[in-house]
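Both backbone and side-chain heavy atoms feed into the values below; hydrogens, waters and symmetry mates do not.
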Amino acid sequence: MEVSPEAKPPVVKLMDYGKFKYEQQKKAAEARKKQKVIEIKEIKMRPTIDDHDYDTKMKAARRFFEEGDKVKVTLRFRGREMAHQHLGMELLTRIQKDVEPIAKIEQYPKIEGRQMMMVLAPR
């Protein structure tokens with residue numbers, strides 16, 4: 001195996017190829033073990049959520065951000081709530097302001113059928 005091919009004369013080292021392949025495999029496995037897989041956690045709410053329930057959900061969201069995970073906030077509209085989508089937008093804006101110091105918006109609020117969703121990522 002060549003250690004430094006640019007040197008005059010080139011520096012070469014004799015080694016067992018099987019051992020070399022084994023060490024490379026070990027290094028790759030160690031690198032895979034240390035990498036963090038980012039998960040997307042989901043928090044489901046309704047547009048008419050009460051303050052205490054909201055605080056509980058936000059506490060969970062903060063915990064997810066501290067663990068390094070992304071959070072998908074989903075608002076579910078039922079029945080005539082679809083006529084008041086502005087309430088859902090206000091709630092998502094409130095969430096955004098509350099987590100501003102620890103998270104940023106990755107996907108802005110959008111409506112898909114009967115639900116409105118937004119994805120937040122830790123800073």
Side-chain angles (χ1 to χ4, degrees):
M1 174 178 190
E2 284 185 314
V3 177
S4 62
E6 284 82 37
K8 298 283 184 221
V11 180
V12 178
K13 176 178 162 186
L14 288 176
M15 62 188 315
D16 181 10
Y17 185 70
K19 183 179 179 182
F20 172 73
K21 289 289 284 183
Y22 175 75
E23 287 173 359
Q24 294 291 66
Q25 208 173 21
K26 280 296 204 189
K27 284 181 188 174
E30 191 68 30
R32 273 196 308 273
K33 195 186 302 182
K34 287 185 177 160
Q35 96 191 155
K36 169 81 171 100
V37 177
I38 297 176
E39 294 180 31
I40 296 182
K41 306 284 188 168
E42 186 172 19
I43 292 182
K44 293 184 179 181
M45 295 184 183
R46 295 272 313 283
T48 57
I49 192 167
D50 201 31
D51 287 336
H52 181 265
D53 298 330
Y54 174 82
D55 294 339
T56 305
K57 299 276 188 180
M58 293 315 331
K59 196 183 297 180
R62 284 192 184 87
R63 191 179 73 240
F64 294 150
F65 289 132
E66 287 167 7
E67 292 169 4
D69 297 324
K70 294 179 182 179
V71 175
K72 177 180 176 181
V73 180
T74 306
L75 285 182
R76 191 92 192 211
F77 293 98
R78 285 161 57 185
R80 293 191 178 179
E81 289 175 351
M82 284 300 287
H84 302 286
Q85 291 180 5
H86 64 280
L87 293 176
M89 214 45 201
E90 289 170 10
L91 181 62
L92 289 178
T93 306
R94 178 179 168 195
I95 292 169
Q96 178 187 348
K97 286 180 183 167
D98 287 350
V99 297
E100 188 82 42
I102 57 173
K104 61 182 182 289
I105 292 185
E106 188 169 275
Q107 185 179 16
Y108 285 90
K110 66 177 183 178
I111 299 172
E112 288 182 0
R114 289 196 156 272
Q115 55 188 17
M116 188 180 286
M117 56 201 276
M118 143 174 104
V119 178
L120 300 164
R123 286 197 185 270

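With sequence neighbours excluded, the residues forming a side chain to side chain contact (heavy atoms under 4.5 Å, CB included) with V12 are E2, listed by chain and number. By the side chain to side chain contact (heavy atoms under 4.5 Å, CB included) test, Q24 pairs with F20, K27, sequence neighbours left out. Taking D51 as the reference, R94 meet the salt bridge (Lys or Arg N to Asp or Glu O under 4.0 Å) condition, with sequence neighbours excluded. Residues satisfying the salt bridge (Lys or Arg N to Asp or Glu O under 4.0 Å) criterion with E39, sequence neighbours excluded, are K41. Under the side chain to side chain contact (heavy atoms under 4.5 Å, CB included) criterion, K72 pairs with I40, E42, T74, M117, V119, not counting sequence neighbours. Among residues two or more places apart in sequence or in another chain, the side chain to side chain contact (heavy atoms under 4.5 Å, CB included) test is passed with E66 by none.
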Self-check item: CA sep, side-chain torsions, deciding dist, call: V71, V99, side chain to side chain contact (heavy atoms under 4.5 Å, CB included)
Solution: CA-CA 11 Å; V71 175; V99 297; over 6 Å; no
Self-check item: Pair R63-K59, side chain to side chain contact (heavy atoms under 4.5 Å, CB included): steps then yes or no
Solution: CA-CA 6 Å; R63 191 179 73 240; K59 196 183 297 180; over 6 Å; no
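Rounded to the nearest 0.5 Å, atoms CD1 (I95) and NZ (K97) are 12.5 Å apart. With rounding to the nearest 0.5 angstrom, the CD1 atom of I105 is 3.0 Å from the CD atom of Q96. Atom CG of L91 is separated from atom CE of M116 by 9.5 Å, given to the nearest 0.5 angstrom.
Residue pairs meeting the salt bridge (Lys or Arg N to Asp or Glu O under 4.0 Å) criterion with at least one member in residues 5-23, sequence neighbours excluded, do not occur. Sorted by first and then second residue, the side chain to side chain donor-acceptor pair (under 3.5 Å) pairs involving residues 76-85 (not counting sequence neighbours) are R46-E81. Among residues at least two apart or in separate chains, side chain to side chain donor-acceptor pair (under 3.5 Å) pairs with a member in residues 98-120 are Y54-D98, K70-E106, E100-R123, K110-E112.
The number of heavy atoms from other shown groups lying within 6.0 Å of NE2 (H52) does not exceed 12.
Heavy atoms only, all atoms of each residue included: F65 and A121 are closest at CE2-C, 4.1 Å. Considering all non-hydrogen atoms of both residues, L120 and A103 come closest at CB-CB, 4.5 Å.
With a 4.5 Å cut-off between side-chain heavy atoms of Ile, Leu, Val, Met, Phe, Trp and Tyr, the cluster of Y22 takes in none.
Note: the hydrophobic cluster containing I49 also contains L92 (ILVMFWY, side chain heavy atoms under 4.5 Å, direct or indirect links). Clustering ILVMFWY residues whenever any of their side-chain heavy atoms sit less than 4.5 angstrom apart, transitively, puts L87 in a cluster other than the one holding M82.
Side-chain contact between I43 and F64 is present, with at least one heavy-atom pair separated by less than 4.5 Å.
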